[in-house]
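Okay, structure first, notes after.
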Amino acid sequence: MPTRLSSLFLRTLREDPAEAEVASHKLLLRAGYIRRAAPGVYTWLPLGLLVKAKIEKVVREEMANAGAQEVFFPALLPREPYEATNRWTEYGDNLFRLQDRKKADYLLAPTHEEMFTLLVKDLYSSYKDLPVCLYQIQNKYRDEARPRAGLLRGREFVMKDAYSFDLTDEGLAKAYQAQRDAYERIFTRLGVDYVIVKADAGAMGGSASEEFLSPSEIGEDTFVRSPGGYAANVEAVKTVAPAATSTDGLPAAVVNATPGTATIATLVDHANAHFARSDRAWTAADTLKNVVLALVSPEGKRELVAVGVPGDREVDAKRAEAAFGPNEVEPATEADFAANPGLVKGYIGPVSLNADGSVSQVLGLEGSTKIRYLLDPRVVDGTQWISGSNQADKHIFELVKGRDFNADGIADIAEVRAGDLAPDGSGALELARGIEIGHVFQLGRKYAEALDLRVLDENGKLQVVTMGSYGIGVTRLVAVLAEANRDDKGLIWPEAVSPADVYIVAAGKDDSVFEAAEKLASEFEAAGKTVMLDDRPKVSPGVKFGDAELIGVPNIVIVGKGLENGEVDVWNRRTGERRSVAVNSAVSELK
RNA sequence: CGGGAUGUAGCGCAAUUUGGUAGCGCACCUGUUUUGGGUACAGGGGGUUGCAGGUUCAAAUCCUGUCAUCCCGACCA
């Protein structure tokens with residue numbers, strides 16, 4: 001049976017809803033695919049459900065191809081498993097928590113690593129049972145601080161999450177590759193543009209991790225790519241360090257008066273005005289900016305750390321979070337400075353210079369402040385810097401790394417800029433925005449260890465299982481597809497996800513038009529096509545055409561005026577091309 | 001959590017400045033009309049103006065508080 005517009009639960013809107021900002025969100029609301037139920041929580045209307053089901057179908061087929069088996073967990077889960085992995089705490093405010101009548105704690109699952117791990121532990125206990133890969137397509141709940149753009153970032157959303165279980169690292173690598181391949185097939189079949197980027201494993205722990213990003217202006221993730229094919233999330237970009245050079249023969253460090261230069265900009269201006277170089281002007285890149293950060297552990301422990309970066313770069317908050325995870329990173333507060341009188345705001349440096357030319361370590365575990373000191377990878381031995389002197393209104397010039405100062409380690413947290421070189425030598429990076437539509441990573445043994453998932457190997461010894469986890473944002477894909485496939489008139493779905501294969505418009509008032517449209521619908525269905533039929537009586541053609549364009553089925557057939565010549569119009573929504581064909585050849589035209 | 005904006009009919013908005021019967025368009029219902037690009041006309045239903053206090057003869061409008069939503073940022077497997 002065709003989906004009849006005359007009875008379909010649908011009301012299209014002529015005006016943009018005020019609540020929507022981005023194009024895909026507006027169109028999904030206007031065309032009657034979804035309705036907002038609460039911030040970041042959406043009701044699926046018949047049309048939306050059809051599109052979602054199409055995506056799920058492709059996902060299921062490719063999961064089966066990859067050897068994964070479908071299961072289904074509750075979204076409502078008890079606290080205990082999440083306590084075992086410490087995520088009851090680590091997830092913080094993003095976790096939806098609730099209590100039952102006995103005051104026992106429950107949560108709405110934000111992701112299901114624990115449950116999958118426990119399920120395998122529950123049923124399997126031998127290496128002979130492995131490998132196994134399980135998945136589900138299920139609602140997830142995250143109390144996002146700020147849901148965005150309709151389905152793009154919701155608090156309830158549908159995710160396909162798969163988990164692989166292997167005895168060996170090689171097995172994990174294979175399972176990972178199988179899922180990764182499946183993802184490529186899924187996104188290709190769905191007609192989604194994507195790039196695979198190296199990602200930071202983040203709070204999930206584990207090692208190898210890649211994200212599938214769909215390039216988009218409205219994306220929330222920034223990634224980089226090079227002409228030579230390197231692509232990575234900004235959090236994961238490794239800075240290319242220059243080669244260290246000899247410190248021999250470099251001029252000695254000297255303290256210069258630099259009053260009122262607490263910012264890099266004022267410092268550079270002052271240096272050029274009073275300590276001009278003969279060869280070129282000083283730039284911000286000649287300065288070493290020392291930023292004090294506070295790391296707050298999940299348990300609430302606070303540690304100060306100083307990071308030295310070239311003065312022309314800011315510390316990138318996301319890169320810092322990634323580098324220092326699971327700690328939270330925040331700027332040092334006035335209270336932190338008050339507690340460390342050795343730190344002179346605006347004039348912080350790794351060392352202070354004594355009258356006899358010797359240096360005293362200030363930053364660093366060995367320094368007077370005992371504050372851990374880390375350096376940007378670009379600050380290699382032999383590089384010269386203008387740095388704070390730890391005295392107000394004075395900076396040290398010609399301070400040489402490896403001769404005058406050192407650090408406790410490296411912190412690769414400075415911002416990544418367009419033009420920076422790719423770590424694999426594949427050229428200069430460009431920055432782009434993307435929407436995360438999939439994420440694969442090798443979790444390793446973290447969850448298996450925490451939940452004691454072990455199996456007997458062939459020697460009768462217990463071995464901890466190693467895991468991978470693989471997610472696809474199903475409902476987010478609806479938004480991504482809508483965003484990428486539209487024009488000023490409405491949506492234009494790729495055939496693989498369109499709510500129907502063919503959309504027939506009965507444009508006319510004669511019964512003959514409706515009868516012919518009905519007949520054509522049956523013929524299309526007999527040929528295996530799904531059909532939407534606009535059979536609304538007393539609705540003008542203009543309205544029907546407008547709704548057809550808004551709803552976005554790519555293939556439209558208009559039954560109307562041409563009927564007296566035995567013709568209907570076949571209308572390609574994407575190209576706009578419209579041509580008349582004989583009624584009885586319409587079905588073969590759209591094969 | 002910080003910044004900004006907004007809450008009036010199902011949706012989009014006006015009326016708030018200067019207190020005085022809450023209005024327009026879309027959608028919806030009835031009738032006539034029109035039928036290849038959102039037809040035209042006539043009639044109609046639908047509102048305790050986010051909520052709670054206060055001022056006043058009188059509050060959508062002024063005052064206080066509160067809640068909610070959206071946008072930017074922070075955050076975000």
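Residue numbers start from 1 in every chain, and the chains themselves are labelled A, B, ... in the order their sequence lines are given, proteins ahead of strands. What you see is a predicted model; the values in this text were computed from it and never measured.
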- Task: Report, as a single string ordered 5' to 3', how protein heavy atoms within less than 4.0 Å touch nucleotides 8-13 of chain B: B base, S sugar-phosphate only, - not at all.
- Result: ---BSS
- Message: In whole Å, I'd like the distance from the CG atom of A:Asp535 to the C1' atom of B:U35.
- Response: 16 Å
- Would you mind classifying the nucleic acid contact of A:Arg155 as base, sugar-phosphate or nothing, using non-hydrogen atoms under 4.0 angstrom? nothing
- Item | Pairwise C1' distance, B:G73 and B:G46 [rounded to whole Å] | 41 Å
- Message: Quiz question: by atom type and distance under 3.5 Å, do the side chains of A:Glu210 and A:Tyr176 form a donor-acceptor pair?
- Response: yes
- Query: For the pair made of CD in A:Glu564 and P in B:G36, what is the distance, rounded to whole Å?
  - Reply: 10 Å
- Go through B:U39, B:C26, B:C72 for me and flag the one nearest to the A:Arg14 side chain. B:C26
- For nucleotides B:G50 and B:G7, find the distance between their P atoms and express it as a whole number of Å. 9 Å
- Note on the structure: From CG of A:Asp511 across to C1' of B:U35 the rounded distance in Å is 13 Å
- Message: Nearest whole Å is fine: how far is B:U34 P from A:Lys561 NZ?
- Response: 15 Å
- Message: Between P on B:G38 and CD on A:Glu549, what's the gap in Å once rounded to a whole number?
- Response: 12 Å
- Using atom C1' of each nucleotide, how far apart are B:A15 and B:G47 to the nearest Å? 14 Å
- Query: If you measure from the C1' atom in B:G20 to the same atom in B:A60, how many Å do you get, rounded?
  - Reply: 13 Å
- Query: Backbone N or O of A:Leu5 within a donor-acceptor pair of the A:Arg536 side chain at under 3.5 Å?
  - Reply: no
- Hey, does A:Val513 reach any base, or is it just sugar-phosphate, or nothing, if we go heavy atoms under 4.0 Å? nothing
- B:C28 and B:C11, which share atom name P, separated by this distance in whole Å: 15 Å
- Between B:U39, B:C72, B:C76, which nucleotide gets closest to the side-chain atoms of A:Ser540? B:U39
- Message: Return whichever of A:Glu436 or A:Asp569 has its heavy-atom-nearest nucleotide of RNA chain B closer to the 5' end.
- Response: A:Asp569
- A:Asn565 CG to B:G36 P, straight-line distance once rounded to whole Å: 14 Å
- Query: Parallel under 30°, tilted from 30 to 60°, perpendicular over 60°: which one fits the rings of A:Phe96 and A:Tyr141?
  - Reply: perpendicular
- Message: Using only atom types and a distance under 3.5 Å, with no angle test, would you say the side chain of A:Ser6 pairs donor to acceptor with the backbone of A:Asp535?
- Response: no
- Task: For nucleotides B:C62 and B:C26, find the distance between their P atoms and express it as a whole number of Å.
- Result: 30 Å
- Task: Look only at the side chain of A:Arg433 and the backbone of A:Gly219, and say whether a donor-acceptor pair between them is shorter than 3.5 Å.
- Result: yes
- Message: Does either side chain, that of A:Tyr183 or that of A:Lys160, offer a donor lying less than 3.5 Å from an acceptor on the other one?
- Response: yes
- Query: Which nucleotide in the set B:G36, B:C72, B:U39 lies at the smallest distance from any side-chain heavy atom of A:Val543?
  - Reply: B:U39
- With a non-hydrogen cut-off below 4.0 angstrom, is A:Arg153 in contact with a base, only sugar-phosphate, or nothing? base
- Query: Rounding to the closest angstrom, what is the interatomic distance between B:G45 and B:C29 at atom P?
  - Reply: 15 Å
- Considering only B:U35, B:G36, B:G38, which nucleotide approaches the side chain of A:Lys538 most closely? B:U35
- Task: Look at the side chain of A:Arg313 and the backbone N and O of A:Glu415, then say whether any donor-acceptor pair between them is shorter than 3.5 Å.
- Result: yes
- B:U39 and B:A27: how far apart are their P atoms, nearest whole angstrom? 8 Å
- Message: Looking only at the side chains, is there a donor atom on one of A:Ser209 and A:Glu211 sitting less than 3.5 Å from an acceptor on the other?
- Response: no
- Check RNA chain B for consecutive Watson-Crick or G-U pairs with both distances under 3.5 Å and list the runs of at least three as stems. B:1-7 with B:67-73, B:10-13 with B:23-26, B:28-32 with B:40-44, B:50-54 with B:62-66
- Query: When the nearest nucleotide of RNA chain B is assigned to A:Met159 and to A:Gly562 on a heavy-atom basis, which residue is associated with the more 5' position?
  - Reply: A:Gly562
- Query: Rounded to whole angstroms, how far apart are CZ on A:Arg536 and C1' on B:U39?
  - Reply: 15 Å
- Note on the structure: A:Arg11 has its side chain closest, among B:C28, B:C71, B:U69, to B:C28
- Message: Angle between ring planes, A:Phe545 versus A:Trp571, binned at 30° and 60°: parallel, tilted or perpendicular?
- Response: perpendicular
- Query: For A:Asp510, which contact category applies under a 4.0 Å heavy-atom criterion: base, sugar-phosphate, or nothing?
  - Reply: nothing
- Query: Are side-chain N/O atoms of A:Tyr135 and A:Glu70 paired as donor and acceptor at under 3.5 Å?
  - Reply: yes
- Taken to the nearest whole Å, CG/A:Asp316 to P/B:C75 is 9 Å
- Message: Could you check whether A:Arg574 makes a cation-pi contact with A:Trp493, meaning its NZ or CZ is under 6.0 Å from the centre of the six-membered ring and within 45° of the ring axis?
- Response: no
